[in-house]
Structures are given as structure tokens and as C-alpha cells.
Amino acid sequence: MASFSSNEWKAVCAKFTNALQLSDVESRNDPENDPFRSKYKARELLTEIYCSLKNFEAGDGEEHDDGESSEPEPTEEPLDGEKPVDLDAFSRGWSSDSRAGLRAARLAAVEYYLGVNHVDTEELSAGQEHLMNCMKHLGKCRVSSENVSLFIHVRNQLGILWAGRDETEKSQGFLETAESIYQLYMKENGSPPTDMTEYFCSEENQLTHQERTKKFELAYTHTLYYLAQVYQYFGENERAANYCYSTLQRQLQLNQFNPMEWALNAATLSQYYITKGQYMEGRHCLAAATVISGLAGEVPSEAAAQESEAERDRREQLKQKRSEIARCWIKYCLNLLRDAKKLLEDNIGELDTDRQDELRRARSREEEEEGRKQALLFGSEDTFDSIASVEEKVSYLFPLDFTEARAIFLVGQNYVNQAKEHFQMDGFVTDHIEILQDHSALFRALAFFEEDVERRCKMHKRRVDMLEPICNDLNSQYYLLIRRQLMFELAETYNEMMDLKLTLANRQEDSQSLDNHTIKKFNHLCSASAKYFQMFLDSLCSPEGKIPEHLEEDVLRPALVARFRVARLHSKLISSSPPVQLDNLNKALENYKYVVQYCEAHPEAAAAAETELELSKEMVGLLPLKINRLKARMATNN
Amino acid sequence: MGVGGTHLDGFPVLQRATQRKQPDTLPLPLIRPQLAKEKIEGCHICTYVMPGEPQVVLGKDKAFTFDYVFDMESQQETIYTHCTEKLIEGCFEGYNATIFAYGQTGSGKTFTMGTGFDINIGEEELGIIPRAINHLFRGIEERRQAAAEQGTPVPEFKINAQFLELYNEEVLDLFDSTRELEARRQKSGIKIHEDANGGIYTVGVTTRTVTSAAEMMQCLKLGALSRSTASTQMNVQSSRSHAIFTIHLCQVRVCSPDNHENATDNRLANNSEINEFETLTAKFHFVDLAGSERLKRTGATGDRAKEGISINCGLLALGNVISALGDRGKRSTHVPYRDSKLTRLLQDSLGGNSQTVMIACISPSDRDFMETLNTLKYANRARNIKNKVVVNQDRASQQISVLRTEIARLQMELMEYKAGKRMVGENGVEGINDLVHENSMLQTENNNLRMRVKAMQETIDAQRGRLTQLLSDQANQALAKAGGGDETISCTETTSMTFRAKLLESESVNESLRKSLSRASTRSSLFAGPGSFSAALLAPEKEANDIIEMAKKSLEKLKKMERKKKRR
């Protein structure tokens, strides 16, 4: 630069390097009570650089500009908004190799760093001003490989700034412009662009093409990541998910990732696809997560952990994160089984063989016409095969029979055991129980596919065995909500077992009369189910044991359903003693009445349990008849 | 389920809480007075509280309604009585409680909580924590005295306190005076542990047992001094971490007679010779959160300081973005990441029987408009967040269909009893409905009915034949014996009377057949649905109708003939 003596320029460059060093490296060692010390120092240096640039170049810069460039001064950008970019941006304004262009880019870069500095030190409005100044300088230039990087960086920063203020539309404007600038640049030019840091360094310190590309691509990856947040904010979930996917894939390609963080993000993304029912994509994310998390290395042994604190931490971290991924896999298996069940069940929840045949035919048709195309593809050359081999271990197709369901169940169960190893009861009660609940749910889904009633019953017994002790051991004050869930599930499981026992008994004997053993078993299951429903209802009572007059919205339906089911169970109990029968029927009637009366007193509750209410009303009308009959018989017998 | 925060205004605490529990969170906005500095700089007041109404209007048109609003001139005393007093009383009954102070840096969180410890502070300016401590010890004294006066055993109290700081997801012990200030920034080795009995607790944290209010205040003061604060050009004193002051109250008292029978599980009852004792424990957390703007920043972009080095750290929050994408209502999913240490620490104190108050501290100045708006928005949302106990639905549908059949059966029985067809005397054991069984029974019934319909049809056909025969006979007779006399007529009359009787009979049989058919069809449709079964049922019903129609026609013909004859 002619107007700078080489010494003066060297001084500016040195200041700049120093400022970057202070801001990026030393600031991390600033003391707690003066957290921005280095940032403030960097700010001073940047301000000095800005002044020198202004002073040195102001006079002569403008003179020469008029001679060199015939183009008029470009119009300025709007103050705090952003307009869509078009090809114009690449042809309008000063060319970057012109003096004016170079000067503008340099000033813009310093403004950019000042802006970021102010934002970092919690002075947002000042930061915004500097960033907008940067925009103003850039607005006079046409986009080229010398300045495109800055074009994108400044918009990223403004995007974050406005997102932080909940002005997401503004944020979106900046980020989408950054995105189009990147895309247009790659289409029009595509050569590795100069990084802003290179404006202030000597020829010999210029970056290599590879380094330039990397920095530039990284900036664009940030744009995509911020856009993912913006779209999520606007509820455009599918779009947001695509941007998350692109961000992750680009990280992998650019080899810019921490394996464990990346794997967890991919595993989390799988959960999005699962909620969408896209199991092929969900599985791909999970397989990639498993493979990439493996890159983080072996879990340090217990012995190593005992010796050093660092190893202990690493052990904990790795174990925890791998268990988190395992838990995402569990949900994959569970939802796949459940969705298949929903497709296959008839209106009373049994396997519909017509549907089964239909789905089988549909599947073989699909297989003939080539498999579905995968929408996602994670991986680099060296990870691609290993991801595919993890995928092969579990199907993404809905299981249509017991064998297929069992294969998925076993994979899920394997992950249950893996996750439980870290999330142990002692230390992680809530997590441990969530995993157990999933395990129970896996059994429940598998039982649907099992044709043998006895074996089906055994599966439910396994559920009871894993949940019952925990439900009874948990502190009822601290784990109120978890216990409620467990009580409900146990009640339902016992109910299911009871029904199965009955089916079994009816099949074995043609006569209506059941043998004593079966009756005893049946009554046991029936009372156990009623007990847990009652326990659930009791947990809603006040400490003095009073039934709440008003049920909170979140327990309204469960409470009414539980009442209804308790009533049912009481009228199902088998007894040969008329007084016991009478007692059971009265209890049933009492509970049916509660449902009816509660809904009368709270008309808004009726909608929550429509069918139960309708049936309860009928039963309230009919049961007295049965009770009276029984009473009459008792009277005649006496 | 509308979970509170998104990534952009991510407030880690309540997110997890709302996911798993049902915090009865009571958000209460608190507007601090304008500072002298703000007045000098010419800041305008942009908040307005409707007189007599718990509503804050921000700017011109942004109104937020709460249960209560503390305006600028609210006294610390008022704030205390409105949001804390009740919670302390709850602690004596064994309920956990949590108070949060939330808001941007400089909105008065620390002042409200009372952990600033300004030496010149007056009695009326005391914050929530000092008042709560006084209240607690006063409550203990009152309970002891009351027991002494009544001559019942004096309840025993044990009070512990912990003071933790969360700085960059690291748990630090503010009571630990052995560590040097710098060393505190290193790993503290404090672990958060959760077990089946005690809920959440910390391992490796100093627990101070305290016997008086003064002693506890002293503890609090020492801890507050070692809290990380920083001075920046924006704020001379800014809290850059979360501080959690926890009081554990353990009480052994005589069971009061009214709740003695219904002692819930957490009241561990001990039988003694005369009195029954119960042990109640409660935790009270006072949480002074770091400035909301800091929470937000890390939520959106990760730790910025590290961001320049690698995108990984900038992506720390990607998980938060992704996890906000799915519609968790439909399928059960697992979301890693959401646990911050703060959430985990407070896990068992949010929701359930615990009470949670969130004091949303805001500044009245227009300069802070945006932050104030965000804080109010957040506070407004906090109370609407609820969690549901998942009740499995699919199972119930089968239960219901079974019950429907049962109801249908009972209704039939009822009808039969009313008709007097059934007598009391069968065994009272309720029959067990078996779908397959009932179905096949109905099918047999249906087949029988169909056979009967067929038989009826045959009879009617035969009758029709006989009728034609009769008609032709009659015609012949009429022709042959034109003046034949009364004998023939009366003979025909007798015949037609018999026919009529027969027709009437077949009509009524048909009618009853139709009834039982329609009953059978409604019953079967209860569990068969609109399947092939009920379609088959419709056919015989139609057939029966046809027969009746035909019988009616023949009857009509017969009548006509009779009339003709009579006229003659």
C-alpha cells in the first residue's frame, strides 16, 4: 500500500495479530472477576488499527478512486434489515482489486472484529453498530474471492445478534442472504477465497488454498447451523432437520468434529426422524452415531480411572454418552415395534391376519421395485462401510410376524442392558427407571406378536417383575409422578395377564366352570390390578386422605379411567359367597357412580372420558338390578 | 406438549422440569425501581401496572397478566409475604419448595433474594432469604412453645444448609473455605447422586448444621462473598453463575391425631408406647440465576469464547435445536443433552407436591425493553406448562368392547325379567363373556331363525296353493249352484275364518321373528362391527318381511271375497 510506509504497515499487521491472539487465546485465561480483560485490550488495538487505516488512506484514497474507477459510489444497504441478494452483487460496486475496494474491505474487516468484540463483551447495541458499519463498507464492493468470506461472516454475526433478541425474522434475512451469497459464489467463481485475517498479514504468511477453503466452508457450515435454529423457531421442522443434517454431514466432510458431540447430535437427530415415522433415516443416523462415537476411543478401564482424575472423567463421559446413544436405539426399536403393532391390530387389539397378509404382499411388491432410496447419507470414505454394517444389524421395516418382531426386540433389549450399565439405580434413579419402562414397553409390544397365550402371559410377568419392586421401593414424596406412571402400568399389566389367563382357561375347558386353581389365579390377578389402580387414585388424595374435589387437567383422564377400571375389576372377581359378591358389586357400583357424578359436577370432564362415562352411566342403571337380584336370592336362601 | 424454551431463549431449568414433572410454577413479575444512573441518562419508564389488576403493560400494547405483580414501589416485606411465607409453612408439613429469581443482569435478582449483603442495608430492605431464615426459626420456636404449653413432647428440628454455585456446568461449594479462590475453578469433585430413598443429593459438599438464624445468616454471608462475580464495562457487579442456597429441614414430631391414620409413606411413623412420632423432611432451594442474557447466549451459539477455535463447541447446542424438532406427543423418544446440572440438582424439588415460585425480575427502563419483553414472555409461558401421566389408550378399547357386550346382556336380562320370562334362581356367579363363544352362539341362533323362516315360507306357499284351490272351487260352486243357498256361504265363511286365524298367527310369528332377528343383529354388531356377519343377518329379516307382505295381501283378497259373497 503506497500510502503506508512498509514499517507503518508492519506495525498495523502486528497489532492485528496481537488483537486476534488476545481475543481468541488469552481471553480464555482471564480471571473470573475480570472476564473481558483481554477482550478490552483487543478492542483498543482494533480501534487503533481502524484510526490508522482511516487517517492514512483517507486523503489520497479518494483522489485516486475517482481516477481509477468510473463507477459511481454504490448505494448503501438499508440500515438494519437485509434485502435478498442477486447476481447484481457480483457485478455492482467496487472491484476488490481496486484501491477503493481494498480499502473498503479492510475497514469492513476491522469493523467486523470490533463488532464481534462488543457482542462478546455484552455490549450488543455497540456491536450491532460496528457490524452494520462493516455491512456499509462491503455494500460498496462487489462480491469476489477477496471479500466473500467477510460477506458471509458478518451476516452470520448479525444473524446471531438478532436471534438473541428474538427478532428471528431479521436474523433469517441476514442468514439467508449469506446462504445465497455462498451458493452464487460457488457457482460463479468457486476458487478458495481470501480469509479476512489475510488482509493484515505479509505475503509469506498467506494461507494455503486448502486452509482458505476450510475456513470458508466452516463459515458456511455456521450459516447452515444458525439457519437450522431459525427454521426451528418458525416451526418449519422439516427444513430445520434438513439443515441440521447438512451441518452434521459438512462437519464430517471437513473433518471438523468432536466424535462424541457429533455422535450425540446424530443420535438426537434420529429421534426426529423416528417421530416422523422415517425409520430408514432414523436408523442411518443411529448407525452413524454408533460408528463415529467409536472414534472417541476406548472407555478407560476402572483401574486407569482410579489412578487419574482425568481418566475417571473421561471414563464417565464416554460411558454416559454411549449410554445416551443406546437409549436412542432403544426408542428406535420400541417405536418400530409399536408402529407395526398399530398397523396390524384389529379393533380389539389382536393381530389382524388379513392386514398381515396385505402388508406382506405390499412389502414384496416394494422389494421387486427396488428398495426405497435413502434420503440421508452420512459418512466419509473410511466410515461409510462401517456405518452400513451397523445398519444391517436391525431392520428398518415394520416387523410383520413374531420372528421379525423378536429380532428387533432383541436388539432393543441389548441396548437396554447397555444403557442400564451406566444409568444404574444407585445414582441415576430417574434415568434407570425410564430405561426399565422402555424395556417393559418392548416386552409389551413383542407380546402382541406372540401367538402362544401362555408365553404371552410370561412376557407380561416379566414386566411385572421388573417394575413392581421399584414401584414399591421408591420414595413416594420425591418420585410421585414416576410412581404414578408405574402404578398405572402395573395395573394394566395385571389386567392383561388376567384376560390372558381367562382366554387360556376357556380354551382348555369347554364348560363355563373353572377349576379352583384357575379361579384363585384369576382373582389374584384381578385384585392386583385393582390394587394398583386404587394406589394410583390414592396418590391423588390430599395428605389427609381426602379425594380431591377437582381433578387437575393432567390427571383427569387417568383418574376417571382408573375409577372405571376399578369398577370393572370388582365386578369381575369370582366368588361363590353371596356376601362377597354383593360387596364386590357394591364397590363396582360405587366407582361407576363416581365417574358419572364427577362428570355431572364437572361437565367439562365428560369430554376427557367419553366412552367410559357412557358405559358407566349404563352400568349405574343396570347394576342395581343385579344387586337386588342377589339380595333377593340371599334373602330366600336364609 | 408445549415445552417452555426453544434453543433461542433456552432456559435450561424448567425445560427438563416440564418434561418430566408438573411444576406448579407460579411466575411473579417484579419491577425494580429506576436507578439514579438511568434517571440521569434520561431513560424513560416503559412498564405500567394496571391499578388494582395483576397486569403489566410493556410499552404501548404488550400486556401480560399474572397472579400478582410487584410494581416499582413494592416493599421487600410485601414480596416476601406474597411469595415465600406460604412455602416456609409448607416446609413444616414436609413439602419441598423452590424460589427462582430470573431476569437480565442488573434487574435486581440479587437484591430481591437478599444475598448482596450490603452493610448499610436497613431492616425493611432485607431480601427474601434473610426473611425466610427468620421466619423459619421463628416457626420452630413457636412450635416448640406450643408443644410445651400443651404438654406434648417438644418436636425436634435439625437444620442443615448448603450453598452451591454452578459456574460453566461445574458445581462449586461456596461453604468450602479450604480451597483457594483460584483452585475453586478447578474440578471440585462434587457429584450429584440420585437414589430411591433420598431423591437427589450431592456428594462431597459441605453441609453446615445450623441452630440459629444468626448462625445461618453468617453462613450465607461467607458463601455469598466467595461467589463468582465479575466487573464488566456494562455492570460493575454482575453474577456470572447460578447460586443455590438450600435449607434442609428435618422434623420429628408427634403425629397429629387427624392425619395419623392416613400417614403417607414419607412420614415414617414410629410406634412408641404413648405417642406416635413422625419424621418430616423438606428442602427449600433459593436459586439466584445468572443473567438471562447469558443463558440465552449459550443456548443459541454455544460457548462463544471457544467458538473461534472449532465449530464443535459452537455446535454444543445443536442437540437442543434438534430436540425441539420432534412432536413428542406421538411417539416416545429420548433426548440426550437436556440435563443441565442445575436441573438435575433441583429435579426432585420441582413438581409433585413441591411448590415453585419464579420471580421474574425486570427493569422499568426503555433501554431494557427487549430483555424485559423476553423475561415477561418467558414468565407468562412458565405457568402454562404441564406434564401428563401417560395413560395407555389402546388397551382400553378392548376392555370397552367387552363391557359393551356385558351391558347388552344385562339389558336383555332386564327385559326378560320385566317380561316375567326368567326367574331368580340361577347361580349368582357372573358369566364370563367370551367373544368366540358368544359369537358362535349367536350364529347358531341366526341359523335356526333362518331355518324357521324357510319353514314359514313353505307353509305360506302351501297355504297360497290351498287358497287358489279354494278360489277356483268357490267359483265353480258359484257357477254350479247359482242359487245354492246359505249352506255353502257359511261353509266358505268358516273356511276363510280359519285362514284368517292362520294368517294372523303366521303374521305374529313373523313379527316376533323379526324382533329377535333385529335384537340378534344389534347384539352381534356390538362386537362384530359392520362385518359380514351382520350383512347375513339382514337377508332373513327381509325375507320375513316379504312373507308378511304376501300374507297380508292374501288376507286382503280373502276379505274382499267375503264381502262380495255377503253382498250377494
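All chains are named by letter (A, B, ...) in the order of the sequence lines, taking the proteins before the strands, and each is independently numbered beginning at 1.
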Report summary line: Assert top hit (heavy-atom pairs under 4.5 Å, partner chain B, pool A:L474, A:D473, A:D426) equals A:D426
Query raised in the report: Is a side-chain donor or acceptor of A:Q251 paired with a backbone partner of A:Q256 at a separation under 3.5 angstrom?
Result: yes
Requested in this report: Measure A:I274 against the heavy atoms of chain B and call it side chain, backbone, both or neither at under 4.5 Å.
Outcome: both
Report summary line: Exactly one candidate in A:R557, A:R565, A:R568 meets side-chain contact (heavy atoms from CB on, under 4.5 Å) with A:E612; the answer is A:R557
Report summary line: salt bridge (charged side-chain N to carboxylate O under 4.0 Å, His left out) filter on A:E167, not counting sequence neighbours, yields none
Query raised in the report: Of the backbone (N, CA, C, O) and the side chain (C-beta and beyond), which part of A:D538 lies under 4.5 Å from a heavy atom of chain B, both, or neither?
Result: neither
Report summary line: Those residues at least two apart in sequence (or on a different chain) that pass salt bridge (charged side-chain N to carboxylate O under 4.0 Å, His left out) with A:K276 are none
